Amino acid sequence: MKSFQQDVIKLLPDSVANQIAAGEVIQRPASVIKELVENAIDAGATLVNIVLKDAGKTLIQVVDNGCGMSATDARMAFERHATSKIRKADDLFTLHTMGFRGEALPSIAAVSEIDMRSMRPDDSLGTRIIIKASKVESQEPDVCVPGTNIMVKNLFYNFVARRRFLKKDSVELSHIMHEFERLVLVNTDVEFSLTHNGTLVHALPRSPLKQRIGALFGRTVEHGLIPVDTQTSSVKISGFIGLPANARQRNALQYFFVNGRNMRHPYFHKAVLNCYKDLISGEAQPNYFISFDVAPDRIDVNIHPQKHEIKFEDEAMIWQILSSAVKESLGKYNVGPAIDFDATDVPDIPPLQQGKIVENSPVNEDLDPDYNPFEIKPMQFEMHAEPERPAVASLFGGNGSTVMRHERSSSLNSSRNWEKLYEGFMKDAGSSHVAPVQSEIPSGDGSVTDIAAPAPMFQYKNRWIITSTKSGLIIIDQHRAHLRVLYEKFLPEIKQGKMTSQKLIFSEELEVDAAQHAVLVAAAQLLVGLGFDVTNVGELKWTIQGVPAELGNVSPREALISVIGDLADTGNDPTDEQRQRIAMSLARTAAIRNNQILSQTEMQALVGDLFRLPSPNYTPDGYTIIRMFTPEELASFFHK
């Protein structure tokens, strides 16, 4: 008798469906704060207080003075797809509110314990509702103040796998701070406060955007901003951009807002960066706080679970408007490139006068009438001597390498042929402290080639070092080469917590934001092991008295901020993988830059230190350092 398989497709229980939704919407405590604060804003709140315990793992409390809820609405708010924001599908394209899917509260309730009190202004009693893991434990009338007070306790207590993936408190608090910054920057007409473990972290009154930026990130950032403002029939763009001098190597403050909503938009981000292309170095990033006002039906905010990404209907046109607005502001405040019409070397071109005969200019009689451009003469080269340099500590990791400080060399008006040039160079190289070393790098066809250093070296475009070996021509990226050398030097010292500290002659002050301040407080002991000597001198201000000795001329502020960024991601007790990230960050900060002129001695030292490493071919993050061209490849370029 033929058997039939039973039906296998079943409806998920609500508790399971809510946990699945929570996996998309609620990733960490910062996600809970985002959803609850956005609900408060939608409720018309002008005052929002946030209270945290243990970086939100134990308690997240959001108190607002919004419109509150009735007893029925308080219960319905925790049902999936229950929302006051939309009634029909077309409403998705005319949204003016933050939340609208009806998934946030039920998702939070599925992975935590909820205790909420809410009351409307005209009611005499409010409602208190307690929910645990999506199950309503109780609902009863309660005496409370108008608005909503919601407490989220023991996040992920019933979702052990997700709770285990939460980071240390310092890391989670850093994420909370960044989410808080995004929320308060876009809602400047709302008063906010943030308290963590009983300590008031932020108290922000209602204020214009620029003043709020200063309250969050310090007056230095605020004073380094210039306004952007333009309006067309399609979009209004307003906000502030940073002066090129305030560009950051890392952790630049970059925020886009659309219709009062925070967003990420790589396409528009590139438009802003293009405007700074000739004003800042390639590694630096400008600060910007830019808001777009567009018709709601011209954007789609429903393409991302957390609504971080937004689709614009007229992206190409807005790109052009944004680029023009940013360039106009940079030019208006005299920070963009300008044409100098009063330059002294501009040729004197007389104005044309109608009917006047222009006389021919006399020929220069000093010209050599016997000059033949096709006559073959011995090659002559003008060489410039390198100035003497004092012996100083190495930035390359070698014992006698020189620090990357450069002076203009004085010219010797002498000419030498190729043979003398080669002999002189090898004579200098022979007396150099860099001993010949042997290493192996892959050539273009994948074979292994022996490298012997020193060899004649040349710098092209102040970026690449070109030299030759018995197996061919090699080109070395100087920044990546130095990065690799420093990384290999820093990593063992970081693992041992024994990086040497060097006292600064003059201490430097650093003003940080609240997220960076929290990392600095928690990582004080670790920073000592990394060679930093920092002291908190009040609120968000710190002084730097010492830095790792190996950093050389690197800005102490830049180096410390770079490390803070890594610690915010990894925590104060980093694993080996995380120590590698810190070593990489310090090496990237301290490595010589492109467009930096190197002397022969410095190139020899850098290449020598690189070839001493067991793996000189790639940076720690996998970028090519060395490119080999064999004689056969070179010959093929010339079709020989």
Side-chain angles (χ1 to χ4, degrees), residues 27-34 36-37 48-62 152 155 165-185 192-204 212-222 248 250-255 287 508-530 532-544 556-575 578 581-582 585:
Q27 299 176 338
R28 57 191 345 139
S31 306
V32 176
I33 292 173
K34 173 185 180 296
L36 296 183
V37 172
V48 177
N49 297 322
I50 304 170
V51 179
L52 306 173
K53 188 174 181 180
D54 301 329
K57 298 175 186 176
T58 302
L59 173 67
I60 299 172
Q61 182 178 13
V62 176
V152 178
L155 186 64
F165 279 96
L166 291 178
K167 306 296 184 182
K168 295 181 179 296
D169 286 359
S170 60
V171 177
E172 295 300 338
L173 184 59
S174 177
H175 285 286
I176 289 171
M177 292 298 187
H178 290 310
E179 191 62 60
F180 179 80
E181 290 160 4
R182 287 188 281 266
L183 290 165
V184 301
L185 285 171
F192 287 92
S193 73
L194 175 65
T195 302
H196 180 243
N197 289 346
T199 301
L200 181 64
V201 179
H202 276 301
L204 304 174
R212 180 150 287 185
I213 292 171
L216 282 172
F217 306 114
R219 300 304 173 190
T220 302
V221 173
E222 179 185 351
R248 299 184 173 190
R250 180 169 177 169
N251 297 327
L253 304 171
Q254 299 172 336
Y255 296 89
N287 298 326
E508 294 197 17
E509 289 190 358
L510 175 66
E511 188 173 5
V512 297
D513 57 42
Q516 294 169 328
H517 177 77
V519 173
L520 281 170
V521 171
Q525 191 59 39
L526 177 61
L527 288 171
V528 172
L530 294 177
F532 288 96
D533 182 2
V534 296
T535 304
N536 184 214
V537 292
E539 295 186 354
L540 303 179
K541 294 183 178 180
W542 293 72
T543 59
I544 309 173
R557 293 186 184 91
E558 182 182 335
L560 182 58
I561 288 175
S562 178
V563 172
I564 292 172
D566 281 310
L567 294 177
D569 296 333
T570 63
N572 304 324
D573 187 18
T575 64
Q578 292 162 341
R581 289 183 57 182
I582 295 175
S585 176

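Predicted, not measured: the structure shown is a model, and the values here were computed from it.
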Closest non-hydrogen atom pair between [X] and [Y], with its separation:
| X | Y | result |
| --- | --- | --- |
| Ala55 | Leu173 | CB-N, 3.9 Å |
| Pro29 | Ile60 | O-CD1, 3.7 Å |
| Arg248 | Ala252 | CD-CA, 3.9 Å |
| Leu204 | Ala215 | CD2-CB, 3.8 Å |
| Leu183 | Phe192 | O-CZ, 4.4 Å |
| Val563 | Phe532 | CG2-CE1, 3.8 Å |

Partners of [X] by side chain to side chain donor-acceptor pair (under 3.5 Å), sequence neighbours excluded?
| X | result |
| --- | --- |
| Glu558 | Arg593 |
| Glu172 | Arg28 |
| Glu222 | Arg219 |
| Thr220 | none |

How long is the span from the [atom1] atom in [X] to the [atom2] atom in [Y], to the nearest 0.5 Å?
| X | Y | atom1 | atom2 | result |
| --- | --- | --- | --- | --- |
| Thr535 | Leu520 | OG1 | CG | 11.0 Å |
| Gln27 | Phe165 | CD | CZ | 13.5 Å |
| His175 | Ile33 | NE2 | CD1 | 12.0 Å |
| Glu508 | Thr543 | CD | OG1 | 10.5 Å |

Would you call [X] and [Y] a side-chain contact if the rule is heavy atoms closer than 4.5 Å?
| X | Y | answer |
| --- | --- | --- |
| Leu560 | Trp542 | no |
| Ile561 | Leu510 | yes |
| Met177 | Leu194 | yes |
| Leu36 | Ile50 | no |

Could you go step by step and tell me if Val221 and Ile213 meet the side chain to side chain contact (heavy atoms under 4.5 Å, CB included) rule?
CA-CA 8 Å; Val221 173; Ile213 292 171; 4.0 Å; yes
Hey, are Glu509 and Lys541 close enough for a salt bridge, meaning a charged N less than 4.0 Å from a carboxylate O?
no
With sequence neighbours left out, the residues meeting ring pair (Phe, Tyr, Trp, His ring centres under 6.0 Å) with His202 are Phe180
By the definition side chain to side chain contact (heavy atoms under 4.5 Å, CB included), identify the one residue from Thr195, Leu52, Val51 that meets it with Gln61.
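Result: among Thr195, Leu52, Val51, Val51 is the only option passing the side chain to side chain contact (heavy atoms under 4.5 Å, CB included) with Gln61.
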Among residues two or more places apart or on two chains, list those pairs meeting salt bridge (Lys or Arg N to Asp or Glu O under 4.0 Å) that have a residue in residues 50-61.
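Applying salt bridge (Lys or Arg N to Asp or Glu O under 4.0 Å) to every pair that reaches into residues 50-61, excluding sequence neighbours, yields Lys57-Asp169.
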